[in-house]
Structures are given as structure tokens and as C-alpha cells.
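Reviewing the structure listed below.
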Number of protein chains: 2
Amino acid sequence: MPVLPSGVLGALDPTSDRAVFRQIADQLREAIDKGKFAEGDKLPSETELVEHYGVSRMTVRNSLSVLQGEGLVVSEHGKGVFVRPRPPVRRLASDRFARRHREQGKSAFIVEADAAGSHPTVDSLEIKEERPSQDVATRLGGPRRVLARRRRYLLDGRPVEFATSYLPLDLARGTPIAEPNPGPGGIYARLEELGHRLDHFEEEIRARMPAPSEVKTLQLASGVPVIHLVRTAFDTEGRAVEVCDTVMAADAYVLAYQLPAT
Amino acid sequence: MPVLPSGVLGALDPTSDRAVFRQIADQLREAIDKGKFAEGDKLPSETELVEHYGVSRMTVRNSLSVLQGEGLVVSEHGKGVFVRPRPPVRRLASDRFARRHREQGKSAFIVEADAAGSHPTVDSLEIKEERPSQDVATRLGGPRRVLARRRRYLLDGRPVEFATSYLPLDLARGTPIAEPNPGPGGIYARLEELGHRLDHFEEEIRARMPAPSEVKTLQLASGVPVIHLVRTAFDTEGRAVEVCDTVMAADAYVLAYQLPAT
DNA sequence: CAGTGGTCTAGACCACTGC
DNA sequence: CAGTGGTCTAGACCACTGG
């Protein structure tokens, strides 16, 4: 007995082996996919779904949690459950660290976001000397201590990325690299001024679900994975001069790379 | 009152604002992080947790579903809830399509897996002529019809990747590219023989939670995202000659790229 | 204030596993 | 068979939102 305004949702199939909460999730998912609920639209309330399907509230909530896990919907306490809006995506091109982009006064993030018409912010800046993790130490060739530069990036007020750069201490201590604002062109420009002409970068990419601390820092909705990117910068002598460990909200990014065919 | 064998789990804090199911999830997560439950270990059963914490079963299940969503544990019906084993990771290097790798008789996937000591398989091979999606059409320069080659890759029996290659029909029809086995070096070698010398590839990477069909095809545990990779191959004349759309189990891959500094 | 989602209980029955 | 997780009910009280 459909009692919902639009009649977009069907009935349950009692003969089906498929669990009731899955059937409900299927119907909601299909309605979303077909655009019957658009981005940002409010789904029927739990109470409405309970009445429409004639099931208990826990069953309805179970359905909704399935969709939440898929990243299709977000719930807002006291308001309702909504089709998750797709945030604007930031495209990272493979030439984003080309030398010509380092000439300007601002960091790559700021320049790029400005160009895209977004309002970029950087906060939570922290600069510390510390003992590197096993992984970072290995990538940097085994320094006993490193300079760590941590910062969070926001786009139009929304946190999208949390990054930490590690540099061997003997290389960075007492230089502008250890300053909150390293100056025009960022730390890569400073590294080159210090005689470490950059040759290439290596990036390693993984995707996984966020740890609770990452959910907090990046204000992630449930059902949103993170992209974990570790970049190592090499100078022309083959020395690893920086490791940058970045955790990105996966729904805010698309990474682009160019590969040689030769 | 701890009643569990090992005493690895503490008590609830009734004065805390934190929901009970979150406190339980926190304690289990911490125990896992600290190695008190190792990879593949069985967690206490729901009944044991109910008795240990003195809460209802739904509360315990709620805790466990939090950890499942984080990809930390997997449940097996009739057996228990286990710390999710980390599968071996396949590293995709940025030179994986270099011409020198195309000389051998087998596909890149097979060669690489063999070298890593894994047992590779390819199945679900399907070759069809079809009308391209808007996105694929745009990337290929607007062909009306394309040849689609679909296949699934497995490592030691576990599905890890599902890929579809799209090629303009005028280019692929009637050639070995339209055959189930395109021959040594794969379709890239055939493209070059047909006069399309490859110049470079562009790859776009996203991460997201899988759709239900992807969960099925890749037999994904809950809490495992997918990496969505779209690669376009360009010949020396700048023509896009192939688009390969790939969905990978994120816990089975790390992607590596090299970027120029110039 | 009414309506929404968030948490929790105390049961029930079922399906799957392994002995 | 006993033990496990999977599904579902019918309530309860709470916290948050908006008018």
C-alpha cells in the first residue's frame, strides 16, 4: 500500500529470498539512480518508510545504513536523510609540480584553487622536528631526525586534504623550509635554491576507509573513502629530499597522470 | 565485569557522552590496533560481548558494524567476526606499459603476477560491438560505435580487477584486437602493428565505495573501496585509440607513478 | 512545539558452520 | 547438535532541527 506522495517506491516481494531491508535499500537506490531523488533531495522520513512498507523502524534504519555505507546518502540529525551532494572535484594533473608552476608567489594549492574559482584555505600548520617513522626513514635514506611540516587544506571552507612533508633535518634546519611561510614557490623552490635541483617525483597511491581521526580532520561523511598518497621528491643526484604523506577526501579529487609508452 | 578470557577489553564509562556502541567499537579497534587481535583472529562472539559489557545484542552488533564499515573486520556467518586479513598488494608501476614489456607473449597482468609468485587468471571475457557511453565517446573523439573488451582478473583465485577496453570500431573490427586472444603483447602490440604507434597514456584515478554489482563481481568485503581508473592511449598523431575503464579492489593495489620536475 | 534521526532494550526465529 | 551471525519486531527515551 503505497502511501508516499510521489509513489516512487514500490512494494516488497514477500516471496523473495532477499532480506526485507535489502529490498528497501534496492528500491531507494534505484529511485536515486533514476533521478527520482536528485542530489541534495530529502528521502522519505523513517516514519514514512515504516508506514509505506509496513515494517519496523529498525528494518528501515538498516536499509538506510546500507545506502550510507555506499556513500549514496547522508543523514542529518533532526532534519532527515538526503541524497549525498557530489562536491566539486579537484583535478590534480601530473605536471602540477613542473618547475614553471613554481615561479609564482603562492603555493600550488592556492594558485590552482583560485584559478578554479574556489576559495582555498590552509590551516593547522605545524612544523616540528621529530624522529621519522620506519617507512619515511627508509624512503629518505635513513635520516635519524626529520623536519615535519603538517597542514590541512580546505576548499570553500570544506577540509579536503591533510598533508605532512618530511625533510632530512640536515637539509632543512635553519632554512626558510623550517619557516611557516617558506616563500614564493614553496619548499620545492627553496630546495632548488639550496642546491638540490629536483629531478623527478614518485607517487604511490592507495585507497581505503578512513580511520576515526581522519573522519574528524576531514569531516568525512560515512561512505567516503580516502586516497592515501605518498610522494617522494628526488634531486638530480638521486637523493630523496622530501617525502610528502597526504590523505585526501576521495570524493573531492581525481588524480591525473601521464605515462610514457616507450 | 570482564568475563572474557584474555581481559583485553575494558569496561564502559557510564559517565561518558560517547554512545555505548561507540565505546565498544573504540575498545575493539584499539585492541586490534595494538595487535591484541591479530590479522585473521576471531573476535569475541556477539554473545560474549553482550555478557562482557552487559548490553543488548543490537548494541554489540552496532559496534561491530562500525568496525566493518571501517574495513577492520569481516563477519562470517556461522563462524564469527574476524580481523580482516590484508591481502597481498599488487604494485602497478608507471612503466608498466613501456614498449619493452610488450615483447613477451603474455599479457602484462599474467607476466607480472607470475613474477610475483601469484597465480593469475583471467575470466568473464566478453567482446562486443556497442554504442559508447557519453564519456567514452568524448575521450575517443566521438565514434558512433566501439569495440568493447571486458574481462576480470583474479589473483590466486581472488577477483581483484574488472576492466573494459573500448576501441573505435573502424580501427579494431576485423583485426586480432576483436579476437578473444589478441596475441603476444596484447592489444597495444596489435595497435602498433596496425600503424598506430603509441605515444603516451593518460590515467585518471578516483576512489569511491563500490556499487552492489561491483561488490558481487569483485567479491568485496564491506569496508573496502574501489579504485576507478580510466586510461586513454594516444598514438603519435595525437589520436585517442583506446580507453580502458578499470575498477580495482582497493585493498589489492598500490599505484605508482613517476612525475617530471621540469 | 512537532518532526526528525540517534540510541538502546529484550526478546524472537532463521541460516550457516563445525563437530 | 550447539554455537555462530543474520534478520526482524515493538516498543522506549533522547537530541537535534525548524517554525
Side-chain angles (χ1 to χ4, degrees), chain A residues 3-5 11-28 37 40-69 72-84 212 215 221-223, chain B residues 3-5 11-28 37 40-69 72-84 212 215 221-223:
Chain A
V3 288
L4 286 179
L12 298 177
D13 174 4
T15 72
S16 168
D17 279 349
R18 195 154 176 81
V20 172
F21 78 90
R22 290 190 201 284
Q23 292 187 48
I24 297 175
D26 290 345
Q27 294 193 10
L28 289 167
F37 298 110
D41 277 5
K42 185 179 168 304
L43 294 193
S45 75
E46 294 179 355
T47 310
E48 286 173 316
L49 291 171
V50 162
E51 288 165 358
H52 175 81
Y53 288 112
V55 298
S56 81
R57 184 164 166 236
M58 283 309 295
T59 302
V60 162
R61 282 183 62 78
N62 208 342
S63 312
L64 292 170
S65 80
V66 168
L67 300 180
Q68 241 184 39
L72 277 182
V73 306
V74 291
S75 65
E76 298 184 35
H77 196 171
K79 297 208 267 184
V81 177
F82 301 84
V83 179
R84 188 159 70 85
V215 171
S222 67
Chain B
V3 287
L4 286 179
L12 298 177
D13 174 4
T15 72
S16 168
D17 278 349
R18 195 154 177 81
V20 172
F21 78 90
R22 290 190 202 284
Q23 293 187 47
I24 297 175
D26 290 345
Q27 294 192 10
L28 289 169
F37 298 110
D41 277 6
K42 184 178 168 305
L43 295 192
S45 76
E46 295 180 355
T47 310
E48 286 173 318
L49 291 171
V50 161
E51 288 166 358
H52 176 82
Y53 287 112
V55 297
S56 82
R57 183 163 167 237
M58 284 309 295
T59 302
V60 162
R61 282 184 61 77
N62 208 345
S63 312
L64 292 171
S65 80
V66 168
L67 300 181
Q68 242 184 41
L72 277 183
V73 305
V74 291
S75 65
E76 298 184 35
H77 197 171
K79 296 208 266 187
V81 177
F82 301 83
V83 179
R84 188 160 70 84
V215 171
S222 67

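Worth knowing before you read on, the calculation uses all heavy atoms, side chains too, and leaves out hydrogens, waters and symmetry mates. Chain A is the first sequence line, chain B the second, and so forth, proteins listed ahead of strands; every chain is numbered from 1. This is a predicted model, so every value here is computed, not measured.
Listed nucleotides D/dT9, D/dG6, C/dT7 differ in distance to A/S56; the shortest reach to its side chain belongs to D/dT9. Of the candidates C/dG6, D/dT4, D/dT7, D/dT4 carries the atom nearest the B/T47 side chain, counting heavy atoms from C-beta on. Minimum atom distance to the side chain of A/M58 is reached by D/dA10, of the listed D/dA10, D/dT7, C/dG5. For A/R22, counting side-chain heavy atoms from C-beta on, the closest listed nucleotide (C/dA15, D/dT9, D/dT7) is D/dT7. Among C/dC16, C/dC8, C/dT4, the nucleotide with an atom closest to any side-chain atom of B/A19 is C/dC8.
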### Task
Report the C-alpha distance between A/Y53 and A/Q23 in whole Å, list the side-chain angles of each, state the deciding distance to 0.1 Å, and finish with yes or no for side chain to side chain donor-acceptor pair (under 3.5 Å).
CA-CA 10 Å; A/Y53 288 112; A/Q23 292 187 48; over 6 Å; no
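The side chain of B/S45 places an N or O atom within less than 4.0 Å of a non-bridging phosphate oxygen (OP1 or OP2) of D/dT4. In this model, the phosphate group of C/dC16 is not approached by any side-chain N or O of B/K79 to a distance below 4.0 Å at OP1 or OP2. Using a 4.0 Å cut-off, no side-chain N or O of A/T59 falls inside it from OP1 or OP2 of D/dC8. In this model, the phosphate group of C/dG6 is approached by a side-chain N or O of A/R61 to a distance below 4.0 Å at OP1 or OP2. Between B/S75 and the phosphate of D/dT4, there is no side-chain N or O to OP1/OP2 separation shorter than 4.0 Å.
Residue A/R18 comes nearest to A/S16 through the heavy atom pair N-OG, 2.9 Å, listed as atom of the first residue, atom of the second, then distance.
Between the CD atom of B/E51 and the P atom of D/dG3 there is a distance of 11 Å, given to the nearest Å.
Nucleotide D/dC14 is matched to C/dG5 when pairs are restricted to Watson-Crick or G-U wobble geometry with both distances under 3.5 angstrom.
When atom types are taken as modelled, the side chain of A/E46 and the backbone of A/R61 share no donor-acceptor pair closer than 3.5 angstrom.
Between B/L28 and B/L64 the shortest side-chain heavy-atom distance falls below 4.5 Å.
For the pair A/H77 and A/G54, both in contact range of DNA chain D, the more 5′-proximal nearest nucleotide belongs to A/G54.
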